[in-house]
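First comes the structure, then the notes that go with it.
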Amino acid sequence: MFKYGLKLSLVVLALLLVIAGAAVAQDAGQLEVFSWWTSGGEAAALDALFQVYSERVPGVEIINATVAGGGGSAARPVLQTRLAGGTPPDTWQVHPGWELLGQYVAAEYVSPITDLYASEGWNEVMPQGLIDTMTQDGEIYAVLAGVHRGNGFWYNKTLLDANGITIGETMSVEEFVAAADTLKAAGIPALCVGDSGIWATAQLFENTLLGTVGPENWMKLFAGEMAWDDDLVKQAMAAYSTMLDYQNEDHSSLSWDQAVAALMDGKCAFNSMGDWAYGEFVKAGLVDNEDFGWVSHPGTAGSFVIVADGFVLANGAPHPENTLEWLKAVGSIEAQEAFNPLKGSIPARTDVDREKFGPYHNWSMDSFANDSLVASAVHGSAAPALFQQALNDAVTVFVVDRDVDAFAAALVQGAADAGMVAN
Ligand code: GAL
């Protein structure tokens with residue numbers, strides 16, 4: 001009996017050791033990646049990154065921590081709570097510029113990865129201008145998975161063809177209005193908007209603002225060298241109001257990707273959106289220039305609004321080694337070539353094989369190489385979070401009251417509160 005009991009205890013002990021060992025091994029084998037990539041196209045692209053990672057580092061369990069909500073409007077507050085509480089994910093999705101440097105680097109939530117730029121040769125293959133937007137005091141804090149072009153104007157080609165509307169190389173607000181009136185006469189709302197997340201219509205405004213003021217004034221606005229109630233800004237607000245007159249009635253109950261789906265279904269014709277919209281077209285199996293087309297948002301040809309997606313190393317990451325491998329994978333040529341065709345963004349690396357990319361991506365790569373590059377405020381890069389919030393709040397009111405003077409005054413106040421003044 002005693003002997004049997006001893007044997008049993010030894011077996012139990014052995015079992016416990018095996019379980020404990022497995023738990024330790026599993027713990028060492030995890031990686032938590034935090035993002036808001038949950039739409040069809042976004043999730044497919046994220047999965048492609050995971051696949052590249054798993055091929056490079058087999059056996060690591062990836063915890064895919066997503067919080068749904070385009071533009072990260074719901075994800076960022078969740079992340080902030082975790083960071084403030086000292087339980088960071090290993091790595092998270094981030095926009096360069098103010099969002100990275102102002103919210104995460106300044107608060108010491110992230111660790112520099114400057115060494116990876118040297119060891120992986122990224123300094124030679126990633127544009128210095130982009131690296132600069134992720135650099136503070138000589139240290140680099142993120143690696144980019146891709147670079148979205150924010151000022152896309154997508155359209156349902158079949159629907160426009162059926163209504164006798166042809167789109168040229170560029171489009172003005174007047175040309176949009178002419179097309180929109182034709183569609184209106186046929187009972188079709190010209191503009192597909194899904195602003196259950198207010199950022200989506202804020203982006204429509206941002207694009208219209210750029211189209212009216214141009215890239216040089218854009219820089220001045222964000223440098224505090226041009227007033228937010230300048231006549232040109234007010235003209236942009238009036239143009240935005242005009243465009244809103246042509247939006248779908250159910251806009252406030254749709255998410256951005258549901259608006260893209262409405263475009264694909266032919267319920268409306270155009271969508272002003274970053275090229276993550278392209279990811280939805282690809283996911284649905286649609287073909288560039290056949291089923292859908294694109295042009296720069298009215299008035300913005302010659303500019304590329306940068307909405308870049310990077311990943312960071314958390315300060316106090318639970319799995320630092322796996323995270324470094326993740327960042328290396330994200331910056332690798334395999335990942336950049338696998339992820340971006342599905343996501344709609346262009347690779348941050350300039351040494352990719354362009355043949356592996358379709359017509360839209362090649363068009364966007366040319367735009368990036370030749371056009372004026374400006375940062376997005378709606379996606380956190382051009383201005384502090386305080387201004388981003390003020391802009392969203394002001395847009396929320398404007399969509400309803402269409403009061404240009406009040407809109408301008410709110411942005412003047414927002415810029416002042418955020419400290420956006422000329423040096
Ligand atoms: C942006 C992000 C893109 C895309 C988009 C819609 O902020 O940079 O990658 O995900 O939101 O969710």
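In each ligand, atom 1 is the first atom listed, and ligand 1 is the first ligand listed. Computed from heavy atoms alone, side chains included, the values below leave out hydrogens, waters and symmetry copies. Small disclaimer: the values here were computed from a predicted structure and weren't measured.
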Establish, yes or no, whether a centroid distance under 6.0 Å links the rings of [X] and [Y].
| X | Y | answer |
| --- | --- | --- |
| Phe281 | Trp294 | no |
| Phe339 | Trp37 | yes |
| Trp326 | Phe50 | yes |

Sub-4.0 Å atoms of ligand 1 with respect to non-hydrogen atoms of [X]:
| X | result |
| --- | --- |
| Val307 | 8 (O) |
| His95 | 1 (C), 2 (C), 7 (O), 8 (O) |
| Lys343 | 3 (C), 4 (C), 9 (O), 10 (O) |

[atom] [closest protein heavy-atom partner, distance rounded to 0.1 Å]:
| atom | answer |
| --- | --- |
| atom 1 (C) of ligand 1 | His379 ND1, 3.4 Å |
| atom 2 (C) of ligand 1 | Asp309 OD1, 3.4 Å |
| atom 10 (O) of ligand 1 | Glu42 OE2, 2.5 Å |

Determine whether the side chains of Ser303 and Asp371 contain a donor N or O and an acceptor N or O closer than 3.5 Å.
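The answer is no; no qualifying pair exists.
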Which pairs would a plain distance check flag for residues 233-244, meaning a side-chain donor or acceptor within less than 3.5 Å of a matching protein atom at least two apart in sequence or in another chain?
{"from": "Lys234", "atom 1": "NZ", "to": "Asp405", "atom 2": "OD1", "distance (Å)": "3.1"}
{"from": "Tyr240", "atom 1": "OH", "to": "Thr201", "atom 2": "O", "distance (Å)": "3.3"}
{"from": "Tyr240", "atom 1": "OH", "to": "Thr201", "atom 2": "OG1", "distance (Å)": "2.7"}
{"from": "Ser241", "atom 1": "OG", "to": "Arg402", "atom 2": "NH1", "distance (Å)": "3.0"}
{"from": "Thr242", "atom 1": "OG1", "to": "Ala238", "atom 2": "O", "distance (Å)": "3.1"}

Measure from NZ or CZ of Arg76 to the centre of the six-membered ring of Trp92, then state whether that distance is under 6.0 Å and the direction lies within 45° of the axis.
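Ring-cation test returns no.
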Check whether any N or O atom of Gly71, backbone or side chain, sits under 3.5 Å from an N or O atom of ligand 1, and answer yes or no.
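Gly71 vs ligand 1: N/O contact under 3.5 Å present.
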